[in-house]
Colleague: 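Dumping the structure here so I can ask a few things about it.
When a ligand or atom number is given, it counts from 1 through the structure's own listing order. This structure is a prediction, so every number in the text was calculated from the model and none was measured.
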Amino acid sequence: MSIDGYLDSASGERLTLSNDADLDRVDAERAECDAILVGATTVRNDNPRLLVRDQTRRDQRVARGLKPSPVKVTVTCRAQLDPCAQFFATGESEKLVYCATPGVADARSRLSAVATVVEGGPVVSMRTLSQDLHERGVRRLMVEGGGTIHTQFLTAGLADELQLVVAPFFVGDGRARRFVDDGCFPFHPGRRAELAEVRRIGEVVLLRYALSDRFGEAS
Ligand SMILES: NC(=O)c1ccc[n+]([C@@H]2O[C@H](COP(=O)([O-])OP(=O)(O)OC[C@H]3O[C@@H](n4cnc5c(N)ncnc54)[C@H](OP(=O)(O)O)[C@@H]3O)[C@@H](O)[C@H]2O)c1
């Protein structure tokens with residue numbers, strides 16, 4: 001995020017926050033995960049591939065009996081997702097779309113050739129989604145945004161670790177996407193999160209927070 005807590009600009013043009021060294025660090029984190037989750041708006045706006053980029057890391061995963069990249073997961077109510085988006089079109093791993101019940105028929109007709117559509121109830125609860133992913137073998141889930149998804153995982157107390165990278169500039173536009181929305185978070189002035197690490201990566205800084213007893217497990 002920017003110094004003032006934004007994930008993106010308001011202009012619609014993609015904002016570069018990380019540097020190459022941090023993107024490589026994120027790639028290493030991805031390689032250690034079973035699945036990666038982004039919200040449907042991120043799929044639509046950013047068109048991310050969500051693949052492990054480094055060939056050595058991909059090879060190491062394959063040597064461990066895994067697909068080169070983790071399972072990709074997204075969440076939607078409206079099911080307005082393009083089956084040709086890179087989320088669906090790239091990588092060998094499974095793609096899961098958790099869809100609120102009213103949009104499931106639409107999602108299946110649009111996406112069933114490229115993804116597994118999972119009915120998520122009237123509104124998809126991140127706890128139910130996490131439990132379903134666990135039943136599918138996912139033990140380590142990396143949540144990459146955007147803000148609505150961060151907010152739901154953090155307010156529900158489902159995140160074991162928060163990795164926050166701060167880029168050295170301001171966005172300064174309240175129309176842009178903030179890191180989180182308003183909400184009732186389990187960490188507040190009366191209950192501080194544990195700062196586990198501060199790491200300078202060139203001109204950006206990584207802050208790692210331990211949010212549960214499971215912090216650091218299976219990494
Ligand atoms: N800087 C970063 O590291 C970073 C990372 C990721 C994203 N971003 C930025 O963040 C922005 C997007 O963030 P955002 O908060 O607007 O959107 P988002 O979190 O990516 O996605 C929101 C969408 O996800 C679906 N959704 C969320 N919660 C749901 C639930 N409980 N049940 C069913 N569907 C649910 C809905 O999709 P439908 O509308 O399809 O119903 C909702 O509109 C983009 O501009 C992107 O560039 C930045």
Side-chain angles (χ1 to χ4, degrees), residues 1-20 22-27 29-30 33 36-50 72-83 85-88 95-111 115 117-133 141-156 158-159 162-171 173-183 201 204-208:
M1 65 178 201
S2 62
I3 292 174
D4 51 346
Y6 289 101
L7 292 179
D8 203 357
S9 68
S11 69
E13 279 188 31
R14 193 168 181 181
L15 181 69
T16 301
L17 289 146
S18 294
N19 55 28
D20 287 348
D22 184 52
L23 290 174
D24 186 60
R25 180 195 66 79
V26 171
D27 195 58
E29 291 287 348
R30 276 187 187 166
C33 289
I36 306 176
L37 167 68
V38 294
T41 304
T42 297
V43 175
R44 287 189 289 263
N45 289 5
D46 295 358
N47 196 19
R49 294 188 312 151
L50 302 178
K72 300 189 213 179
V73 185
T74 191
V75 194
T76 183
C77 286
R78 297 183 291 134
Q80 300 296 307
L81 288 163
D82 179 356
Q86 298 208 78
F87 178 97
F88 300 109
K95 288 93 185 176
L96 297 170
V97 177
Y98 286 84
C99 185
T101 303
V104 165
D106 211 9
R108 291 208 169 117
S109 70
R110 201 183 295 259
L111 301 170
V117 175
V118 183
E119 184 166 351
V123 187
V124 182
S125 129
M126 295 305 129
R127 183 172 297 278
T128 309
L129 173 150
S130 301
Q131 285 164 344
D132 189 81
L133 285 176
L141 172 67
M142 182 169 180
V143 178
E144 288 207 28
T148 65
I149 299 294
H150 292 150
T151 306
Q152 292 172 76
F153 271 88
L154 290 166
T155 55
L158 293 168
L162 171 62
Q163 298 188 357
L164 195 65
V165 172
V166 182
F169 58 81
F170 294 79
V171 168
D173 187 338
R175 294 169 302 171
R177 196 73 192 78
R178 283 175 56 204
F179 160 54
V180 286
D181 297 316
D182 294 351
I201 306 171
V204 305
V205 63
L206 165 67
L207 306 170
R208 287 178 72 210

Colleague: For the atom pair CE (M126) and CD (Q131), what is the distance rounded to the nearest 0.5 Å?
Modeller: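 One finds 12.5 Å between CE of M126 and CD of Q131.
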
Colleague: Applying ring-ring contact (aromatic ring centres under 6.0 Å, His included), can you list everything that pairs with F88, at least two apart in sequence or on another chain?
Modeller: none

Colleague: Could you tell me which residues satisfy side chain to side chain contact (heavy atoms under 4.5 Å, CB included) with S109, sequence neighbours excluded, listed by chain and number?
Modeller: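 So S109 forms a side chain to side chain contact (heavy atoms under 4.5 Å, CB included) with D106.
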
Colleague: Check salt bridge (Lys or Arg N to Asp or Glu O under 4.0 Å) between D4 and all other residues, then give those that pass, not counting sequence neighbours.
Modeller: none

Colleague: Take atom CZ of R49 as the centre, draw a 6.0 Å sphere, and report whether it contains more than 12 heavy atoms from other residues, nucleotides or ligands.
Modeller: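 For R49, atom CZ is not crowded (no more than 12 foreign heavy atoms under 6.0 Å).
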
Colleague: Mind checking what residues have non-hydrogen atoms under 4.0 angstrom from ligand 1?
Modeller: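 Answer by chain and number: L7, D8, L17, G39, A40, T41, T42, R44, N45, D46, V75, T76, C77, R78, V123, V124, M126, E144, G145, G146, G147, T148, I149, Q152, R177.
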
Colleague: Answer yes or no: is there an ion pair linking D182 with R178, defined by an N-O contact shorter than 4.0 Å?
Modeller: yes

